[in-house]
Enquirer: 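Starting off with a structure, shown below.
Just so it is clear, the model here is predicted, and its values are computed rather than measured.
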Amino acid sequence: PGRLHPTMPGRWGTFLKGKEIYPDPRGAEITGLYSMPGGLLTFTDTTTFLVAFNDYARDEFEVQTIHPTIGCVAPSSIAVMPDGMIVWLSQDGFYGLKDNQITLISDSIEYQLRRLNRARMVQACASYDVHEKKYRCWLPMEASKENNVCWEFDGTGWTQRTDTKAADVCVTQDHRAYMLTAGKATQSSGTPAPTGSDVGGVWLLDHEVRTWTPFREKATIKTAWIRGPDSDGRASPKTVYLWLREATKETADAVIGSDRGVLSIE
């Protein structure tokens with residue numbers, strides 16, 4: 001599990017004797033591989049390496065240690081952002097590699113990630129959504145045996161969604177760039193399964209059809225435009241004004257206003 005065995009250049013499946021590589025000298029298990037322009041990014045639980053061609057012998061490889069204490073715990077959590085940042089899940093959160101620098105990018109959700117089911121972190125899966133421009137990773141939270149929460153990273157901050165439980169995810173390699181998940185989704189009504197139950201299958205995210213009524217989720221929205229002096233930054237407003245008006249079925253519509261605009265919520 002800690003060995004890499006390269007094939008001959010241009011001859012897939014042809015392995016030469018004595019060319020085995022052990023990136024970690026301790027023989028630690030390899031937990032992730034990802035191809036990048038400089039070579040092959042190789043992970044163990046606690047270390048990150050780069051396996052690249054030797055400049056002096058093109059048929060030989062050399063191993064460089066990118067970081068001695070940061071590794072990857074889920075091989076399917078690795079994905080690349082449009083700016084070239086490679087993102088993955090480590091033991092203490094999400095990290096990004098850009099310009100040969102590894103940075104912790106999940107410090108803002110550190111408290112929430114403490115609730116991860118660490119015994120099942122290896123089953124986390126992720127991909128990059130071309131349309132939404134977000135890195136999406138499904139994780140098992142609390143004592144869940146399934147990946148029941150999706151954490152989304154847009155390059156600046158994190159959000160989450162819980163409408164699907166993905167065992168794996170991919171993006172179609174065509175002009176549609178559909179994001180597909182294999183797993184479960186919770187339905188509301190209009191389908192054969194009981195209301196509120198999980199139905200297994202392959203799901204196309206962010207598209208709705210008449211034969212399926214998705215479960216209505218509570219949404220929490222954090223906006224930047226409602227911040228007055230610095231609307232392009234992420235923050236909470238200092239003052240919020242609420243106006244309530246009568247509505248039917250014992251509900252109320254709230255309007256949140258500030259000097260930058262008005263946000264209506266139901």
Enquirer: Return the CD1 to CD1 distance between Ile21 and Ile30, rounded to the nearest 0.5 Å.
Expert: 9.0 Å
Enquirer: When hydrophobic residues are tied together by side-chain contacts of less than 4.5 Å, even through go-betweens, does Ile105 share a cluster with Val80?
Expert: no
Enquirer: Is it the case that one hydrophobic cluster holds both Val51 and Phe53, taking links as side-chain heavy atoms less than 4.5 Å apart, direct or via other members?
Expert: yes
Enquirer: With sequence neighbours excluded, what pairs up with Ala79 under the side chain to side chain contact (heavy atoms under 4.5 Å, CB included) test?
Expert: Tyr135
Enquirer: State, yes or no, whether a side-chain contact exists between Leu139 and Met121 at a heavy-atom distance under 4.5 Å.
Expert: no
Enquirer: Which residue pairs satisfy the ring pair (Phe, Tyr, Trp, His ring centres under 6.0 Å) criterion with at least one member in residues 97-123, sequence neighbours excluded?
Expert: none
Enquirer: Sequence neighbours excluded, which residues qualify as ring-ring contact (aromatic ring centres under 6.0 Å, His included) partners of His175?
Expert: none
Enquirer: Does any non-hydrogen side-chain atom of Ile109 lie less than 4.5 Å from one of Trp151?
Expert: yes
Enquirer: Return the SG to NZ distance between Cys150 and Lys134, rounded to the nearest 0.5 Å.
Expert: 9.0 Å
Enquirer: Without swapping roles, check the side chain of Arg161 against the backbone of Glu152 for a donor-acceptor pair under 3.5 Å.
Expert: no
Enquirer: Over all heavy atoms of both residues, which pair between Glu60 and Lys19 is shortest? Give the atoms and the distance, please.
Expert: OE2-NZ, 2.6 Å
Enquirer: If hydrophobic clusters are built from ILVMFWY residues whose side chains come within less than 4.5 Å, do Val87 and Val149 share one?
Expert: yes
Enquirer: Go through it in stages, so that I can follow the logic: the residues are Ile70 and Thr46, the test is side-chain contact (heavy atoms from CB on, under 4.5 Å), and I'd like the CA-CA distance, side-chain angles, deciding distance and then a yes or no.
Expert: CA-CA 5 Å; Ile70 297 174; Thr46 57; over 6 Å; no
Enquirer: By side chain to side chain contact (heavy atoms under 4.5 Å, CB included), which residues pair with Arg3, not counting sequence neighbours?
Expert: Glu20, Tyr22
Enquirer: Taking only Lys NZ, Arg NE, NH1 and NH2, and the carboxylate oxygens of Asp or Glu, determine whether Asp154 and Lys133 approach each other closer than 4.0 Å.
Expert: no
Enquirer: Within the 4.5 Å heavy-atom criterion, are Lys184 and Asn148 side-chain neighbours or not?
Expert: no
Enquirer: Would you find a donor on one side and an acceptor on the other, under 3.5 Å apart, between the side chain of His5 and the backbone of Lys17?
Expert: no
Enquirer: Looking only at atom types and distance, does a side-chain atom of Asp99 sit under 3.5 Å from a main-chain N or O of Gln101, one as donor and one as acceptor?
Expert: no
Enquirer: Please evaluate residues Ile86 and Met36 with respect to the criterion side-chain contact (heavy atoms from CB on, under 4.5 Å), reporting the C-alpha separation (whole Å), side-chain torsions for both, the decisive distance (0.1 Å), and the verdict.
Expert: CA-CA 9 Å; Ile86 301 174; Met36 59 180 294; 4.0 Å; yes
Enquirer: Taking the side chain as every heavy atom from C-beta outward, state whether Ser106 and Leu113 have any atom pair closer than 4.5 Å.
Expert: yes
Enquirer: If you compare all heavy atoms of Glu142 against all heavy atoms of Asn117, which two are closest, and at what distance to 0.1 Å?
Expert: O-CB, 3.2 Å
Enquirer: Decide if atom CG of Asp174 counts as having more than 12 heavy atoms of other residues, nucleotides or ligands within a radius under 6.0 Å.
Expert: yes
Enquirer: Test of understanding: with side chain to side chain contact (heavy atoms under 4.5 Å, CB included), list the residues that count as partners of Glu110, not counting sequence neighbours.
Expert: Arg114
Enquirer: Look at Arg120 together with Glu146 and state whether they make a salt bridge at an N to O cut-off of under 4.0 Å.
Expert: no
Enquirer: Between Ser77 and Ala74 (side chain of the first, backbone of the second, donor and acceptor by atom type, cut-off under 3.5 Å), is there such a pair?
Expert: yes
Enquirer: Within a strict 4.5 Å, meaning less than it, do heavy atoms of the Ile102 and Ile66 side chains meet?
Expert: yes
Enquirer: So, are Arg136 and Asp206 salt-bridged, with charged N and O less than 4.0 Å apart?
Expert: yes
Enquirer: Atom CG in Leu89, atom SG in Cys125: separation rounded to 0.5 Å?
Expert: 11.0 Å
Enquirer: Same cluster or not: Val73 versus Leu41, using hydrophobic residues (I, L, V, M, F, W, Y) connected whenever any side-chain heavy atoms lie under 4.5 Å apart?
Expert: no
Enquirer: Within the 4.5 Å heavy-atom criterion, are Leu205 and Thr181 side-chain neighbours or not?
Expert: yes
Enquirer: Can you list the other members of the hydrophobic cluster that holds Met8, where links are side-chain heavy atoms under 4.5 angstrom apart?
Expert: Leu16
Enquirer: Identify, with sequence neighbours excluded, every residue that meets ring-ring contact (aromatic ring centres under 6.0 Å, His included) alongside Trp88.
Expert: Phe43
Enquirer: Would you name the heavy atoms of Thr48 and Gly71 that are closest together and state the gap between them?
Expert: OG1-CA, 4.0 Å
Enquirer: Give a yes or no on whether the backbone of Cys72 and the side-chain of Thr31 come within a donor-acceptor separation of less than 3.5 Å.
Expert: yes
Enquirer: For Tyr178, which residues count as a ring-ring contact (aromatic ring centres under 6.0 Å, His included) partner, sequence neighbours excluded?
Expert: His207
Enquirer: How far apart are the closest heavy atoms of Pro140 and Leu116, and which atoms are they?
Expert: O-CD2, 3.5 Å
Enquirer: Any non-hydrogen side-chain atom of Met85 less than 4.5 Å from a side-chain atom of Leu97?
Expert: no
Enquirer: Would you name the heavy atoms of Asp83 and Lys98 that are closest together and state the gap between them?
Expert: OD2-NZ, 3.4 Å
Enquirer: Could you give the side-chain donor-acceptor pairs of residues 164-171 under 3.5 Å, partners two or more places apart or in another chain?
Expert:
| from | atom 1 | to | atom 2 | distance (Å) |
| --- | --- | --- | --- | --- |
| Thr164 | OG1 | Trp138 | NE1 | 3.2 |
| Lys165 | NZ | Asp198 | OD2 | 2.8 |

Enquirer: Rounded at 0.5 Å granularity, tell me how far CG in Leu50 sits from CD in Gln64.
Expert: 5.0 Å
Enquirer: Any chain of hydrophobic side-chain contacts (each under 4.5 Å) joining Phe49 to Tyr34?
Expert: no
Enquirer: Applying ring-ring contact (aromatic ring centres under 6.0 Å, His included), can you list everything that pairs with Phe153, at least two apart in sequence or on another chain?
Expert: Trp158
Enquirer: If you take all heavy atoms of Pro6 and Phe15, which pair is closest and at what distance?
Expert: O-CD2, 3.7 Å
Enquirer: Check which hydrophobic residues are tied to Val122 through side-chain heavy-atom contacts below 4.5 Å, counting indirect links as well, and list them.
Expert: none
Enquirer: Spell out, as yes or no, whether a donor-acceptor pair under 3.5 Å connects the side chain of Thr44 to the backbone of Thr47.
Expert: yes
Enquirer: Thr69: what forms a side chain to side chain contact (heavy atoms under 4.5 Å, CB included) with it, not counting sequence neighbours?
Expert: His67
Enquirer: Would you give the length of the straight line joining atom CG of Leu4 to atom CG of Asp24, rounded to the nearest 0.5 angstrom?
Expert: 11.0 Å
Enquirer: Go through the side-chain N and O atoms of Gln123 and Asn147 and say whether any donor and acceptor fall under 3.5 Å apart.
Expert: yes
Enquirer: List the steps, then state whether side-chain contact (heavy atoms from CB on, under 4.5 Å) holds for Leu33 with Leu40.
Expert: CA-CA 7 Å; Leu33 297 171; Leu40 181 66; 4.0 Å; yes
Enquirer: Out of curiosity, Ser127 OG to Leu180 CG, how far, rounded to the nearest 0.5 Å?
Expert: 9.5 Å
